[in-house]
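Below: the structure, in C-alpha cells.
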Amino acid sequence: YWVQAIAVARCESGLSTWAQNGQYLGLFQMGSSERALYGHSSTALGQARAAHRYFVASGRDWSPWQCKPW
C-alpha cells in the first residue's frame, strides 16, 4: 500500500510534516481524536506509522481520508 499512502499524503499535505488545517496535522492530516488513538510525531516516519495504524484499524481502506489514491 505504500504507493497509495504516498498519493494520499501528497494530496492531503503536499508531503509536508508541518501541514495544518484546523485540527488536522501532518502528512496524513489526522484529526485530534485520531492522533490521540493512533499517535503522532514531528517526523515523517512517526506520522506514517500513526497513519498506518489508523489505516489498518479502518479495514485497510482509505475511507477515513478525504483524499483517495485513485
Side-chain angles (χ1 to χ4, degrees):
Y1 297 99
W2 69 269
V3 172
Q4 294 177 6
I6 291 171
V8 169
R10 180 176 286 121
C11 175
E12 292 284 348
S13 68
L15 298 177
S16 171
T17 57
W18 300 105
Q20 182 174 357
N21 183 8
Q23 69 163 328
Y24 300 97
L25 303 177
L27 287 172
F28 290 89
Q29 293 292 285
M30 290 172 56
S32 57
S33 60
E34 290 79 15
R35 292 191 312 274
L37 285 171
Y38 304 108
H40 188 67
S41 172
S42 61
T43 69
L45 179 58
Q47 291 178 20
R49 285 181 173 160
H52 180 260
R53 287 189 288 271
Y54 188 20
F55 175 76
V56 170
S58 71
R60 295 184 186 267
D61 68 25
W62 298 103
S63 60
W65 282 271
Q66 182 69 32
C67 294
K68 308 295 186 237
W70 43 82

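This structure is a prediction, so every number in the text was calculated from the model and none was measured. The analysis underlying the following values was restricted to heavy atoms, covering all of them including side chains, and did not include hydrogens, waters or symmetry mates.
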Between Thr43 and Thr17, which heavy-atom pair has the shortest distance, and what is it?
C-CG2, 4.2 Å
When rounded to the nearest 0.5 angstrom, what is the spacing between NE2 in His52 and CH2 in Trp2?
14.5 Å
Does Lys68 reach the main-chain N or O of Trp62 with its side chain, forming a donor-acceptor pair under 3.5 Å?
yes
Hydrophobic clustering (ILVMFWY, side-chain heavy atoms < 4.5 Å, transitive) - are Trp70 and Ile6 grouped together?
no
For Tyr38, what residues pass the ring pair (Phe, Tyr, Trp, His ring centres under 6.0 Å) criterion, not counting sequence neighbours?
Tyr54
Identify the two heavy atoms, one from Arg53 and one from Gly39, that lie closest to each other, and give their separation to 0.1 Å.
NH2-CA, 4.1 Å
Please check this pair: side chain of Glu12 against backbone of Trp65, looking for a donor-acceptor N/O pair closer than 3.5 Å.
no
So which heavy atom on Ser58 is nearest to which on Pro64, and how close?
CB-CG, 3.6 Å
Between atom OG of Ser13 and atom CD of Gln20, what is the distance when rounded to the nearest 0.5 Å?
12.5 Å
Side-chain polar contacts of residues 26-35 - donor-acceptor pairs under 3.5 angstrom, sequence neighbours left out - could you list them?
| unit_1 | atom_1 | unit_2 | atom_2 | d |
| --- | --- | --- | --- | --- |
| Gln29 | NE2 | Ala19 | O | 3.2 |
| Gln29 | NE2 | Gly26 | O | 2.8 |
| Ser32 | OG | Gln23 | OE1 | 2.7 |
| Glu34 | OE1 | Gly31 | N | 3.3 |
| Arg35 | NH1 | Gln23 | O | 2.6 |
| Arg35 | NH1 | Met30 | O | 2.7 |
| Arg35 | NH1 | Gly31 | O | 3.4 |

Just how far is it from atom CH2 of Trp18 to atom CG of Leu25, taken to the nearest 0.5 Å?
10.5 Å
